[in-house]
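The next block holds one structure in the form of structure tokens; read it before the comments.
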Amino acid sequence: MTRIQKTLAVLAIGGSALAAGAPAFAQAAPQPAPATAAAPAAQMLTIRQVYDKMEAAGYRNISEIERSNKHGYEVKAYDPQGQRVKLSVDPQTGAVTRSRFDD
């Protein structure tokens with residue numbers, strides 16, 4: 001066997017040993033608690049809570065509440081002055097973050 005062949009054989013055996021040990025190591029590694037990932041979602045307001053907050057703020061005839069990845073919740077309603085508006089609502093607090101007239 002040449003020196004290169006011996007080196008390749010050693011690397012192949014070493015790689016096999018590492019590959020065989022890798023699954024056991026991956027299984028033994030501590031996994032993050034699922035509650036940590038779910039905690040932000042648990043703090044989000046429900047659609048009903050958003051509806052109640054909008055009514056309490058004076059919005060009427062709420063026709064649509066939709067979850068948006070970009071703006072939290074998007075709500076279509078009439079503002080206290082009677083104008084049709086489209087609102088962006090913070091999903092944790094229910095605060096209106098953006099308001100524009102809806103045509």
Side-chain angles (χ1 to χ4, degrees):
M1 237 182 186
T2 66
R3 184 175 169 184
I4 293 175
Q5 289 173 329
K6 287 180 185 178
T7 304
L8 290 174
V10 168
L11 288 174
I13 292 170
S16 299
L18 286 175
F25 178 76
Q27 291 173 354
Q31 299 296 321
T36 305
Q43 295 176 2
M44 277 185 49
L45 297 172
T46 64
I47 289 177
R48 182 65 203 191
Q49 290 170 320
V50 172
Y51 182 91
D52 292 342
K53 285 192 176 276
M54 295 300 98
E55 267 196 332
Y59 293 96
R60 299 289 177 251
N61 298 332
I62 300 167
S63 63
E64 186 176 319
I65 299 176
E66 188 175 273
R67 176 77 175 109
S68 166
N69 290 335
K70 196 173 187 180
H71 301 292
Y73 284 104
E74 290 183 353
V75 179
K76 290 184 181 179
Y78 286 88
D79 68 7
Q81 291 76 34
Q83 296 290 322
R84 180 84 176 147
V85 292
K86 186 172 185 177
L87 310 168
S88 295
V89 178
D90 183 274
Q92 281 82 28
T93 65
V96 175
T97 57
R98 193 172 105 187
S99 176
R100 63 184 173 101
F101 293 111
D102 190 28
D103 295 328

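Excluded from the calculations below are hydrogen atoms, water molecules and symmetry mates; all remaining heavy atoms, backbone and side chain alike, are included. Just so you know, these numbers come straight off a predicted model, no measurement behind them.
- With hydrogens and angles disregarded, no donor-acceptor distance shorter than 3.5 Å links the side chain of S88 to the backbone of T97.
- For the residue pair P80 and A57, the shortest heavy atom distance occurs at CG-O, 3.9 Å.
- With rounding to the nearest 0.5 Å, the separation of CG in D79 from CZ in F101 is 6.5 Å.
- A 4.5 Å side-chain heavy-atom check between R48 and I65 finds every atom pair outside the cut-off.
- Of all the heavy atoms in Q49 and T46, the pair that sits closest is OE1-N, 2.7 Å.
- Considering every non-hydrogen atom in both V89 and V75, the closest pair reads CG2-CG2, 3.8 Å.
- With hydrogens and angles disregarded, no donor-acceptor distance shorter than 3.5 Å links the side chain of Y59 to the backbone of L87.
- Judged purely by atom type and a 3.5 angstrom limit, R60 uses its side chain to pair as donor or acceptor with the backbone of E55.
- Heavy atoms only, all atoms of each residue included: K76 and D102 are closest at CD-OD2, 3.7 Å.
- Cation-pi check for R67 over Y73 is met; the charged atom lies under 6.0 angstrom from the ring centroid and within 45 degrees of its normal.
- Follow the hydrophobic side-chain contacts under 4.5 Å out from M44 and you reach M54 in the same cluster.
- Between I62 and A77, the shortest heavy-atom contact is CG1-CB, 3.7 Å.
- Across all non-hydrogen atoms, the minimal contact from P91 to G72 is CD-CA, 3.7 Å.
- Here the straight-line distance linking atom CD of E74 with atom CD of E66 works out to 6.0 Å at 0.5 Å rounding.
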